[in-house]
Amino acid sequence: MLVYTDLLTGDELLSDSFPYKEIENGILWEVEGKWTTKGCVEVNIGANPSAEEGGEDEGVDDSVEKVVDIVDTFRLQEQPTYDKKGFIAYIKKYIKLLTPKLTPEQQDEFKKGIEGATKYLLPKLKDFQFFVGEGMHDDSTIVFAYYKEGATNPTFLYFGHGLKEVKC
C-alpha cells in the first residue's frame with residue numbers, strides 16, 4: 001500500500017486506495033470522494049422484537065454519522081475559506097516553502113505549471129472547502145474539495161508535487 005504524505009508536514013493526506021487523475025499538467029491530482037456511513041450497523045438476527053419485553057433496544061447508541069471517506073480516513077481538518085487575495089498570498093508562501101524540497105526536475109515542472117493550476121483554482125474558490133492534515137500546521141498543503149455540477153459526492157484536488165509517496 002502507498003500512502004501520500006504532505007511533503008511539508010508529514011501528515012497523511014491520501015493513499016493508493018483512492019485513484020487519482022492528474023490535471024493541469026500534473027500539478028493537481030483529482031480524486032473522487034464518497035459519502036459513507038460511520039457508526040452503528042443494524043443486524044437482523046431474525047428475532048421478533050414485538051414478542052420480547054420492551055421492544056426497544058435499551059442502552060444502545062444507534063447514532064450513525066455520514067462522513068466523506070477521504071476526510072474521515074485521513075482525519076482531514078476543515079479550514080476557513082480564502083478570498084482571492086488570501087489565496088494568492090497562500091500560493092506564494094506555498095511555492096516558497098515547497099520549491100526547496102523538490103528535485104531540480106520537479107522544481108522546473110512545478111514552476112512551469114503552478115500558474116496554470118492557480119488560474120484553474122481561482123474561479124472555484126467560492127465553491128471550495130479547504131482541508132489540511134490532522135496536525136493542522138500553518139504551513140500545510142491545502143486539500144480542496146468541491147462538488148462538480150450535479151454530483152452528490154465531492155471531488156478533491158491535491159497539489160501533486162506537495163505529496164511524498166511512502167510505502168507501507
Side-chain angles (χ1 to χ4, degrees), residues 1-24 26-41 61-102 106 110 113-168:
M1 178 175 171
L2 297 176
V3 173
Y4 299 98
T5 61
D6 184 335
L7 191 58
L8 300 176
T9 66
D11 288 339
E12 292 182 0
L13 298 179
L14 188 63
S15 77
D16 61 353
S17 300
F18 300 92
Y20 66 88
K21 177 175 86 175
E22 290 185 3
I23 60 172
E24 293 300 312
I27 299 297
L28 296 174
W29 290 6
E30 184 178 77
V31 183
E32 299 300 321
K34 290 186 180 90
W35 282 98
T36 184
T37 304
K38 178 181 171 182
C40 182
V41 177
D61 181 9
D62 285 341
S63 62
V64 174
E65 182 182 7
K66 284 190 79 174
V67 295
V68 176
D69 54 0
I70 294 173
V71 173
D72 186 57
T73 301
F74 300 102
R75 296 177 292 284
L76 299 182
Q77 305 297 312
E78 189 167 1
Q79 300 297 297
T81 59
Y82 282 91
D83 60 10
K84 183 178 179 179
K85 184 179 176 182
F87 182 69
I88 291 186
Y90 165 78
I91 291 293
K92 286 179 179 178
K93 180 180 174 184
Y94 184 69
I95 292 168
K96 188 177 177 181
L97 292 170
L98 184 63
T99 304
K101 296 188 177 280
L102 301 174
Q106 290 172 323
F110 186 65
I114 191 64
E115 185 178 340
T118 302
K119 287 179 180 176
Y120 176 82
L121 295 169
L122 275 172
K124 296 176 176 13
L125 280 182
K126 65 180 178 9
D127 299 325
F128 284 143
Q129 283 181 282
F130 300 88
F131 293 92
V132 295
E134 184 177 21
M136 294 183 66
H137 302 280
D138 289 340
D139 298 333
S140 296
T141 296
I142 290 182
V143 178
F144 309 91
Y146 73 106
Y147 290 86
K148 291 182 177 179
E149 192 170 323
T152 56
N153 289 317
T155 298
F156 289 82
L157 298 173
Y158 293 80
F159 286 112
H161 288 78
L163 300 175
K164 179 181 175 184
E165 184 178 290
V166 178
K167 291 184 182 182
C168 292

Taking only distance into account, with no hydrogens and no angle test, what donor-acceptor pairs under 3.5 Å do side-chain atoms of residues 158-168 form with protein atoms, sequence neighbours excluded?
from, atom 1, to, atom 2, distance (Å)
Tyr158, OH, Leu13, O, 2.9
His161, NE2, Glu109, OE1, 3.1

Open item on the list: Ignoring hydrogens, what is the shortest heavy-atom contact between Ala145 and Phe131? Give both atom names and the distance.
Closed with: CB-CE1, 3.8 Å
Open item on the list: With heavy-atom distances below 4.5 Å as the criterion, would you say the side chains of Ile95 and Phe110 are in contact?
Closed with: yes
Open item on the list: Does any part of the side chain of Phe156, heavy atoms only, come nearer than 4.5 Å to the side chain of Phe18, both counted from C-beta?
Closed with: no
Open item on the list: Once you measure the plane-to-plane angle for Phe144 and Phe87, does it fall in the parallel (<30°), tilted (30-60°) or perpendicular (>60°) bin?
Closed with: perpendicular
Acceptor/donor pairs from residues 114-123 side chains to any protein atom, 3.5 angstrom cut, sequence neighbours excluded:
from, atom 1, to, atom 2, distance (Å)
Glu115, OE2, Lys119, NZ, 3.2
Thr118, OG1, Ile114, O, 2.8

- [ ] Applying side chain to side chain contact (heavy atoms under 4.5 Å, CB included), name anything that partners Gln79, two or more places apart in sequence or on another chain.
- [x] Gln77, Phe130, Val132, Met136
Task: Of Val143, Leu157, Thr81, the residue whose pairing with Phe128 passes side-chain contact (heavy atoms from CB on, under 4.5 Å) - done: Leu157
Task: Under 3.5 Å: donor-acceptor pair, side chain of Tyr20, backbone of Leu14 - done: no
Task: Worked check of side chain to side chain contact (heavy atoms under 4.5 Å, CB included) between Leu8 and His137 - done: CA-CA 9 Å; Leu8 300 176; His137 302 280; over 6 Å; no
TODO: Spell out, as yes or no, whether a donor-acceptor pair under 3.5 Å connects the side chain of Asp6 to the backbone of Ser140.
DONE: no
- [ ] Only pairs at least two apart or in different chains count here, so list each salt bridge (Lys or Arg N to Asp or Glu O under 4.0 Å) that has a residue in residues 72-90.
- [x] Lys38-Asp72, Arg75-Glu134
- [ ] Could you tell me which non-hydrogen atom of Leu76 sits nearest to which non-hydrogen atom of Gly133, and how far apart they are?
- [x] CD2-CA, 4.2 Å
Task: Test side chain to side chain donor-acceptor pair (under 3.5 Å) applied to Tyr94 - qualifying residues, sequence neighbours left out - done: Thr141
Open item on the list: For Ser15, give me all partners under side chain to side chain donor-acceptor pair (under 3.5 Å), at least two apart in sequence or on another chain.
Closed with: Ser17
TODO: Taking Asn153 for its side chain and Trp35 for its backbone only, find out whether a donor-acceptor pair lies under 3.5 Å.
DONE: yes
Open item on the list: Can you list everything that forms a side chain to side chain contact (heavy atoms under 4.5 Å, CB included) with Lys93? Sequence neighbours excluded, please.
Closed with: Leu97, Asp139
Task: Residues in side chain to side chain donor-acceptor pair (under 3.5 Å) contact with Asp16, at least two apart in sequence or another chain - done: none
- [ ] Could you note down all residue pairs passing salt bridge (Lys or Arg N to Asp or Glu O under 4.0 Å) where residues 141-154 supplies at least one of them, sequence neighbours left out?
- [x] Glu30-Lys148, Glu32-Lys148
